[in-house]
Amino acid sequence: MEQAQLMFAATGALIFVFGLVAGLRDDSLLGRIIAINISGVGLFLLLVALAYRGLCQAADPIPHALVLTGIVVAVAASGLAIAIGRKLDELRNSSHRREGDSS
Amino acid sequence: MMLWWVVDLTLCALMIALAAGSLFAATLRRRVIFFIAFGLLTAIVWARLQAPDLALAEAAIGAGLTGALLLAALPTAQPTEHKRDADRLIEWVSLLLAALLAVVLIAVLTTLLPVVDGDPSLAVTARLSDAGVSHPVTAVLLNFRAWDTLLELAVLLCATIGVLNLAPARKAPRHAGALADTLIRILLPLLILTAGYLLWNGAFAPGGAFQAGAVLAAATVVLHLGGGVRLPPFSLAQLRGLLALGLLLFLSVGLVQLAFGQALLQYPLAWAGSLILLIETGATLSIATMLSLVYLGGHPLRDWPVAGDSRDREI
Amino acid sequence: MSSLLVLIATLPLMTALACLLHPRGGDQLSLVASMIQLVASVLLVTELPSRSSLSHALGGWAPGLGIALGADPLAGWLVLLCALVQFATTLYARFYFCDSQARYRLWPLWWLLASALYALLLSGDLFNLYVTLELLGLSAAALCTVGAAKAEALEAALRYLLLGLIGSLLYLAGVALVYAEYGTLDVSALRTLISSSPASLASLVLLSSGLMIKCALVPLHFWLPAAHSSAPAPVSAVLSALVVKVAFYLLLRLWFELFTPVVTSAFATLIGLLGAIAVIWGSWQAFRATRLKLLAAYSTLSQMGYLFMFVPIVMALPEGDTRQFAYGALLLLAVSHGIAKAALFMGIGSLQQHLGHDEIDRLGGSARKLPVTLFAISLAGVALVGLPPSGAFLAKWALISSSLVSGQWWWMLVTLVGTLLAAAYLVRVLGAAFAPTAAAEPALPTCRLALQQPALLLAVLATFGLGFAASPVWDTLSLSPPEVQR
């Protein structure tokens, strides 16, 4: 059981850290959102792996509830970020068009 | 044991590979596809780690809705600019740094094993009989840690209002054709049925408001992608009501108990099961509305939140 | 009296829902709710000295299984700060957004942000704090976009949102490690459990770095100037006065109460050093800023720097009365900055609405047109620089003498330079505003009087109120050393 816990938790930690760094470094909005989501899943994997108690025993339910909360928060935040990005594109395009008209 | 070891190793390797793909693939489109595959694999991993609630939620929300959201945002996304050499260098340095951090974090993790359980008198299983539902995760979400869930609904509401404030909804794609219509006609009732089943199931088995709401929202996604069928025509006032419903029910049920000298969100034992079902039903409707609107990227009518002088215009 | 806690935690949520369901009544609802909240927080603060802490177990479950709401004097005073600033900015926002449609969009988000603030201050559970942080980040970013017509404002909001998410993830990682090691999320239980270990150190670093992004401590500050300077003025006021403060409040809790066995003096000195850099750099950037709002945003950076810089001073003091005294001074500094900064942003907002811009070089003649606003800005400036009789003066004085007592005199030099720079940038603004009109400005409608009053109210409070009534803050804090709370 400990072996599985460690293996999944380590995988989670790896994905968490790399996602986080990519989220800071990425230069496209969509790329950033993907990276932050990936990083979040890595963290959730860490939590759930540490809640695992072997095949014959039920896992600790509290981290599961926490992760469920986290999944919903992540989709909400991604949706808001995409909406802001869309509005931003709209504004930029309209200002480009205005510049194009005046020149 | 050996067999499980091989299975776990394969799952972990696949997770890392798909994560790497969605972080570093050359084009955004590929990254989104990798991300969706990563989400589906994650659902399998949750099932492996005995977290069926998460498997359901991940498949519906993580991979499904987020994936649909990203796919829909793809056409307008700016193409990535070509990287200069200096940027490349910074990239390598940051990756090296990340590797270092990951090693440290994993080293710390090894000191944590074996994981200790908390105070046994505070364990969820010890008090499950007083919770009104027999499924531990639902008990945590709607009874023991109901305040978290209430605030989480507020987070979702906040994002939805933010989205609605910003823009009218994306235009529906072209009509997908008669075959898709038939498919939708079969799929839609099934999705609604599944949502109801998940909601009811939450009391004693994996499922609950979030999974049910996400499946209902998936029905909206299917309708929207089909392009041929209209979304249900809600007025602005009805929509605002649907958005507020879940949180309002949750909060009112919690506050009513104060009048009887109980704590906030304390349900009387005899009523706990039915009250939780009531809250979950309201929450499912709100969650479905909110996730649908977040996916649509706004409201199909103009002039959110109050219709102005111009007549409501449907897109 | 624990029903007071329930009221403070749930009223903003109910107001948000009411404003959503009934947009046209939003103005009145918000005004009434902010008044009730103010009264409730005054009651809370007056109630606390006799009890030193209050708690309410949500759902009737023991904390650890369930979640407890709680308030001690530290939380109580910050609740009062929030209620006060919220009250003034609610009044202000009513008149700032002339377009009613913008206000319909504003109020639900405004109250969701308030819910996050109060829920965070009263929460006694590490994961619950994560949820409140996410609510705070999302609502703040969404508020930045209300009425935004410029691409820069949306860019800033987007960056604010994404960095907030990264900060929350770091925080959550810290929470995961704590839960794995100690098996509970309850703050009061963890207070006695946490001991020095590699995992505790790692979680301290993760929790602190996540929150430091939200506090904009150098070098994690880069998002703040753009976000705080391009949001609408009432939103900027709340962001600068409250949102960064509550993140700092959480850090204080972590460093002084939860992780005491893990926080070493080297760690504290590092934090103080980052704070000192923030003080100098922020003040310098504020001095060089060409726009008023940017100046105010950079000034927030430097003022947050002071709070961090004084942490090692407080920590070096021996446990007991002297330490409580310095801790009280730190809190007084935070409260006084919160109130003064809200006043400053509101004053700048009035100027901006009146002049149509906020460029410092073109302020000439504005003092004649808007005397009340300029008076408010000057008073807020007195409190920000830390001149007598403001509360900030007393706090800085107390902390500097403590630094001399503990032999850390070098912090005094930074304070001196920072104070001089702060005086310089405020004098620059006032000089420009009191200068005669350079060119004939187009005549604009005079700023409504109502728009000017909330700023004046807070500015007077920051300079005179907190100066003369500083002792209650100190007294209640020294009544209850953090170790014996709850």
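Each chain gets a letter, A, B and so on, in the order the sequences are listed, and its residues count up from 1. Only a predicted model underlies this, so the values are computations on that prediction, with no experimental measurement involved.
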Inter-chain donor/acceptor N,O pairs below 3.5 Å: chain A to chain C:
residue: A:Asp60; atom: OD2; partner: C:Tyr179; partner atom: OH; Å: 2.6
residue: A:Arg92; atom: NH2; partner: C:Glu155; partner atom: OE2; Å: 2.5

Looking only at heavy atoms, which two atoms of A:Ala81 and C:Leu162 are closest? And how far apart? CB-CD2, 4.3 Å
In terms of heavy-atom proximity below 4.5 Å to chain C, should A:Leu24 be classed as side chain, backbone, both, or neither? both
Nearest 0.5 Å, what's the CD1-CG distance between A:Ile36 and C:Leu163? 7.5 Å
So which of A:Ile33, A:Leu50, A:Val73, A:Leu46 has the largest heavy-atom pair count under 4.5 angstrom toward chain C? A:Val73
Give, as side chain, backbone, both or neither, the part of C:Leu185 having an atom under 4.5 angstrom from any heavy atom of chain A. side chain
Under 4.5 Å from a heavy atom of chain C, the part of A:Leu47 involved: side chain
Could you look at C:Val131 and say if it's the side chain, the backbone, both or neither that has a heavy atom under 4.5 Å from chain A? side chain
Rounded to the nearest 0.5 Å, how far does CG of A:Leu20 lie from CG of C:Leu170? 5.0 Å
Candidate list C:Leu138, C:Leu158, C:Leu165, test side chain to side chain contact (heavy atoms under 4.5 Å, CB included), partner A:Leu80, passing option: C:Leu138
Contact class of C:Ala149 relative to chain A, heavy atoms under 4.5 angstrom: backbone
Using non-hydrogen atoms and a 4.5 Å limit, figure out which bit of C:Leu161 sits close to chain A: side chain, backbone, both or neither. side chain
Heavy-atom distance under 4.5 Å to chain C: side chain of A:Leu43, backbone, both or neither? side chain
Please test A:Leu66 against C:Leu172 for side-chain contact (heavy atoms from CB on, under 4.5 Å), starting from the C-alpha separation and ending with a verdict. CA-CA 10 Å; A:Leu66 308 187; C:Leu172 186 59; over 6 Å; no
